[in-house]
Trainee: 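Sharing a structure here in structure tokens format.
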Amino acid sequence: MAAKIMRSLVRLTLVAAFLFFSIGFVQTGIPGLGLAPAQAQSAGSVPCNWSGNISDTQFWRAIRKGVTGTVSIPDRKAGQLVQSDGDELRAFRQGPMSQFGGWLLIGSLILLGLFYVGRGRIEVESGLSGKTIERFNSFERFVHWLTASSFVILALTGLNMLYGKYVIPTLIGKEAFASLTMFGKFAHDWIAWAFILGIIMMFFSWVRHNIPNMADIRWLMAGGGMFSKGVHPPARRFNAGQKIIFWVVIVGGASLSGSGLALLFPFEIEMFAGTFKIINVFGFNFPTELSSIQETQYALMWHGIMALVMIAIIIAHIYIGSVGMEGAFDAVGTGQVDINWAREHHNLWVQEMESMDEGPVSNRAPE
Amino acid sequence: MGDRWRSMWMGTIAAIIIAMVAGVVMTEMKLSSAQKFSTASTRL
Ligand code: HEM
């Protein structure tokens, strides 16, 4: 009797299980057979038509891809539930941008090393006379170093934000790296103002000496005399190479400052949609409708790219202004350069100074 | 030697002073990132 009851119960549970799972398969389709659920999503609509003619999958896919709805609260960016451009930005920053940036910086160091091995230190060929001429007054030197010091601090703290995590935690530990980076981030945000002021003052101090002219073309054709001894193409106060550095610093510095300000004041300063509109006039097809978050993401990307390019160029500038060329540093050090150095590198400028000056150009006796 | 680096130090010290002033001003503005990114923000 008991055995009969048991058999009936087992049969009942089997039937129940069969019914239960077959309903499940109708709902979801049978795995492996590719049989689509017939009644669940016919013509793309879900049961009961609660979301119109759109299936769950389509609905969530659209949200995942960043579709923006409407909200009645003031903050309209809340109308977008998932904005995943940040994911792509991070992949780009940690991937190609870090890699190419790294190769750019290492490459420029290697090139400078090769240049040093091939050419050596560029010396004053006629020897130091001991007589000097004022190259930059104290204000110009101040402006140079205001810009230079702030740039170096910005470069170091910025590179730490991009590459620090790969190197520094292994040296000083994670906690110390976290504190260092937090401190560096504040330093970066604040010292930026000194840099901005520096490039504005530098622009006004030196722009009139940096207008391109025919002598620049001759200077460039002669490679600036940098690759062979005894070649000194004529130059006025700034040669073509220096003019390039000047304009890179002004244009690049302005671009870094602009994108940096957009990052300091996100959702307030936005400039990319407007810039893209202008660029598109030249046949490009950049997006001109950007959300606030996309604006910030473009600013971050551009700020990083510009910074890496600028740092690579400035490394070359620092090289030629210090170890690379005898007598150059004095221009921004004491402001007094050797008259022979000046005649070799800026002969037209020396002539201008001599014709303007009543007295001798040199104002310091040999030491 | 001291002369050689004087301009450099003047520029560096000025940069640090400007940074400190900027730091105070920006902190006084009290725009924490929580406020900047808040969904209650009406700034668009
Ligand atoms: C930190 C190490 C640096 C050193 C040793 C250095 C050295 C020099 C020297 C010697 C000159 C004068 C060249 C001459 O008399 O003809 C100069 C000029 C100049 N420096 Fe620097 N500099 C440094 C960093 C920077 C930085 C970071 C910037 C900008 C971001 C900068 C921007 C300029 C500009 C625009 C000029 C005028 C154009 C030129 O001479 O190339 N310098 N620098």
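Chain A is the first sequence line, chain B the second, and so forth, proteins listed ahead of strands; every chain is numbered from 1.
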Trainee: Please flag which part of A:F329 lies under 4.5 Å from any non-hydrogen atom of chain B: side chain, backbone, both or neither.
Mentor: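 The answer is the side chain of A:F329.
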Trainee: Show every salt bridge (Lys or Arg N to Asp or Glu O under 4.0 Å) that has at least one partner inside residues 7-16 of chain B, sequence neighbours left out.
Mentor: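 Checked against salt bridge (Lys or Arg N to Asp or Glu O under 4.0 Å) - neighbours excluded - no pair reaches residues 7-16 of chain B.
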Trainee: Identify the heavy atoms of A:G333 and B:S7 that sit nearest to each other, and give their distance.
Mentor: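 Shortest heavy-atom separation between A:G333 and B:S7 comes out as O-OG, 3.2 Å.
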Trainee: Do A:L290 and A:F276 have side chains that approach each other closer than 4.5 Å (heavy atoms only, starting at C-beta)?
Mentor: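 A:L290 vs A:F276: side chains touch.
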Trainee: Return the CZ to CE distance between A:F272 and A:M301, rounded to the nearest 0.5 Å.
Mentor: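 Interatomic distance, A:F272 CZ to A:M301 CE, rounded to 0.5 Å: 8.0 Å.
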Trainee: Let's test your reading of the structure: which of B:V21, B:I13, B:I18 forms the most heavy-atom pairs below 4.5 Å with chain A?
Mentor: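 Of B:V21, B:I13, B:I18, B:I18 has the most heavy-atom pairs under 4.5 Å with chain A.
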Trainee: Select one option (side chain, backbone, both, neither) describing which atoms of A:V71 are under 4.5 Å from chain B's heavy atoms.
Mentor: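 When you check distances to chain B, no heavy atom of A:V71 falls under 4.5 Å.
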Trainee: Heavy-atom cut-off 4.5 Å, strictly under: side chain, backbone, both or neither for A:I293 against chain B?
Mentor: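 When you check distances to chain B, no heavy atom of A:I293 falls under 4.5 Å.
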